[in-house]
Amino acid sequence: MTDSPETRFRTSQLEENDGPPVNPTDNRTMGEIIAARFSRRGFLKGSLAVSAIAATVSPLALVAADEARATEGSAFKFDELEAGIDDKHHVAPGYDADVLLRWGDPLFADSPEFDPVKQSAEAQARQFGYNNDYVGYIAIDGSAEHGLLVVNHEYTNPHLMFPGIVKIVEKDGKKAAEVAPLSKGQVDVEMAAHGGTIVEIRKEAGKWQVVRDGKLNRRITSNTEMALSGPVAGHDRVKTNADPSGTKVIGTLNNCAGGITPWGTYVMAEENIHGYFSGELPEGHKETANYKRLGIPEGAYEWGAHYDRFNLAKEPNEPNRFGWIVEVDVNDPNSVPRKRTAMGRFKHEGAESIVAKDGRVVFYLGDDERFDYVYKFVTKGTFNPNDRAANMNLLDDGTLHVAKFAEDGSVEWLPIVFGQGPLTAENGFAGQADVLIETRRAADLLGATKMDRPEDIQPNAGNGKVYVMLTNNSKRKADQVDAANPRAGNAFGHIIEIVEDGGDFAATKGNWEVLLKCGDPSVADVGATFSTATTANGWFGMPDNCAVDSAGRLWVATDGQGPKATGRTDGLWAVDTEGAARATSKLFFRVPIGAEMCGPLFAPDDQTAFVAVQHPGDGGEDWEAFGRPSYYEDLSTRWPDFKPDMPVRPSVVAITKQGGGKIGV
């Protein structure tokens, strides 16, 4: 456990992912491949063609014509929001952004009201959890106005949760903030604030309301009993003193994005599990290399000081029980969530799915770390739309694949199957369970393409394409790019578009293209590729989560923008992907300083956009009007005078059009 205040503040997932890369291979990076492709193909087809036209046509006329075509062809019709920085939510003119849920809000008829000064684990387990990331909607009786909202609670910020825990001290003549060690009671609150929420919601008179007596309402926490299922269940590497069977796990950790299956279950993706484990493995332990590949232990949390299962010296196998996709049957509040091990173990960002042509179900999965990989899982069985029960174990049997991108614009999905290629006993795998426990190493050996932090990956049933959000990679070296892709130290990320062969999402081959290289297009060295119709408010960096609405339009949420990085807060942008308007982006919603934009999710009728605002106010030292030392001093003293509208509570916001109607139309 490190004593670094910055580590214990857990200031953002961006910082957590900005440590030393843990991929030791020399597999080619996406930057190298993009560079080669643009130099051999894109330059010839793009730059030379533009140069030839520009020789006979005025450049200003070209720009004007491009802007006119893009504006006319855009799929989005709303007045763009102005980018900026402050401590409030902002939405495009003509829309309302209403807070539906905040950290600590009661979820059950008998839940206590939120009291931040007297918060307890028992109260938190009956209230909305902390940092809300993924948001999903499951209709009740097919309704777009009555359903279950499912929300992941990714991690906790103790310095924002517990009054008086931060102390301002003098260091080298400067003020600095230090956070005190957490008590067991505070750790218990953190554990209860993790996991997920399932809550009934209903739209009444145009506004969404929580149904506190909903019979399916449920909290899932770090103490909820879960089952391991699939090839890893019962394996020696997941057996512990508390669970000698290797089939029962207590809790889920760091649930980032997720998904809703075609049969109406909720899947939670376990991402940055490394921070929860402390202590040291016995010397020469067989899991040492496995854990190093995942950055375990980091010890950012103090849970190991109070619970043996998070201390490697006492439970060396416990980390192998995390890093999976968790499936929850929302129709039964007493059901045991299942960790579906066939889908691999890594730092899962999400698990968005689509039914392929032959009825098999395809899940796209990003491993959110610099220089790690893009995956997809294809079920062996087929989806039965008429028998929900027949689908309930589809995720226990199927093939996990990892992507290898080529310079010619093709992509190959390599099967991660024991006995195929290098995945053999000679390389330390005794069976498929070993391959899945060490998914990253298996992908290393297969030669998968090292990516720039793969996060959300969304298939689009409307146009047959797949959108891959690549948030950033500050560690990419200059010799991995060339003049055609000048993005050494890729601070702003990019978006890849994949078209699977024959429009079949289960295909093992396809083609790829760069939809966007993100960042400020007015700065030449950034190399952003937004259309010229994109305004000064419309560009963005650090694409993270995304959504495709029922009209097939792409919406992108960001994580990591701020005063120093972009001069604006994170938010939600509408991005055209087709026709003359392709690569045009417009700002629709923005969050308070320090917050990350998560979700987004559109109701089935597209008349509501649900968005998640997590860790508002965190890391605000970059904003002159909201400096960290004074902010934390103020926070520590004002908790006793807590007010519901304080900007430090993570929340889910429901965005609707004034007067009704579809979003962005």
Would you name the heavy atoms of [X] and [Y] that are closest together and state the gap between them?
X	Y	result
V435	A442	CG1-CB, 4.0 Å
F530	K517	CE1-O, 4.1 Å
E315	P319	O-CD, 4.1 Å
G251	F322	O-CE2, 3.3 Å
N272	N254	N-OD1, 2.9 Å
A595	P616	CB-CA, 3.6 Å

[Y]/[X] salt bridge by N-O under 4.0 Å criterion:
X	Y	value
D372	R293	yes
R338	E327	no
R440	D367	yes
K347	E455	no
R237	E287	yes
R582	E513	no

Sub-4.5 Å side-chain heavy-atom contact between [X] and [Y]:
X	Y	result
L400	T439	yes
T584	V575	no
C598	V611	no
F277	L294	no
F346	L365	yes
D559	M597	no
E318	V238	no
H274	P297	no

Got a donor-acceptor contact below 3.5 angstrom from the [X] side chain to the [Y] backbone?
X	Y	value
T471	P543	yes
T341	S229	yes
N157	L160	no
T569	V591	yes
K509	D501	no
H235	P231	no
H348	G344	yes
S585	G538	yes
Y134	H153	no
N132	A612	no

Please determine, by modelled atom types, if [X] and [Y] share a side-chain donor-acceptor pair under 3.5 angstrom.
X	Y	value
Y373	N23	yes
N472	R453	yes
N473	D452	yes
N511	S410	no
N320	N317	no

Below 30° counts as parallel, above 60° as perpendicular, anything between as tilted: where do the rings of W573 and F540 land? tilted
Steps toward side chain to side chain contact (heavy atoms under 4.5 Å, CB included) verdict (I498, W413): CA-CA 12 Å; I498 297 173; W413 294 99; 4.1 Å; yes
Is it the case that the ring center of Y375 lies less than 6.0 angstrom away from the ring center of F363? no
Does the ring centre of Y276 sit less than 6.0 Å away from the ring centre of F310? no
Is it true that, when you exclude E280 itself, more than 12 heavy atoms of the residues, nucleotides or ligands shown sit nearer than 6.0 Å to its CD? no
Rounded to the nearest 0.5 Å, what separation is found between the [atom1] atom of [X] and the [atom2] atom of [Y]?
X	Y	atom1	atom2	value
N131	T156	CG	OG1	7.5 Å
R345	I325	CZ	CD1	13.0 Å
F377	R340	CZ	CZ	9.5 Å
Y130	E154	OH	CD	12.0 Å
L470	M542	CG	CE	14.0 Å
Q561	F492	CD	CZ	9.0 Å

Could you go through D570 and T558, starting from their C-alpha distance and side-chain angles, then the distance that decides it, and tell me whether this counts as side chain to side chain donor-acceptor pair (under 3.5 Å)? CA-CA 5 Å; D570 285 313; T558 64; 2.8 Å; yes
Evaluate T261 against V267 for side chain to side chain contact (heavy atoms under 4.5 Å, CB included), listing each step before the verdict. CA-CA 7 Å; T261 67; V267 289; 3.9 Å; yes
Residues at least two apart in sequence or cross-chain that pass side chain to side chain donor-acceptor pair (under 3.5 Å) with Y266, listed by chain then number, are N152
The criterion is side chain to side chain donor-acceptor pair (under 3.5 Å); which residues satisfy it with T252, sequence neighbours excluded? N255, E270
The test is side chain to side chain contact (heavy atoms under 4.5 Å, CB included); show your working for L446 and D444 and say whether it passes. CA-CA 5 Å; L446 289 168; D444 294 342; over 6 Å; no
Is it the case that R309 places NZ or CZ above or below the six-membered ring of W303, under 6.0 angstrom from the centre and within 45 degrees of the axis? no
Are N490 and H494 close enough, and set up right, to give a side chain to side chain contact (heavy atoms under 4.5 Å, CB included), and what steps lead you there? CA-CA 9 Å; N490 178 14; H494 55 285; 3.5 Å; yes
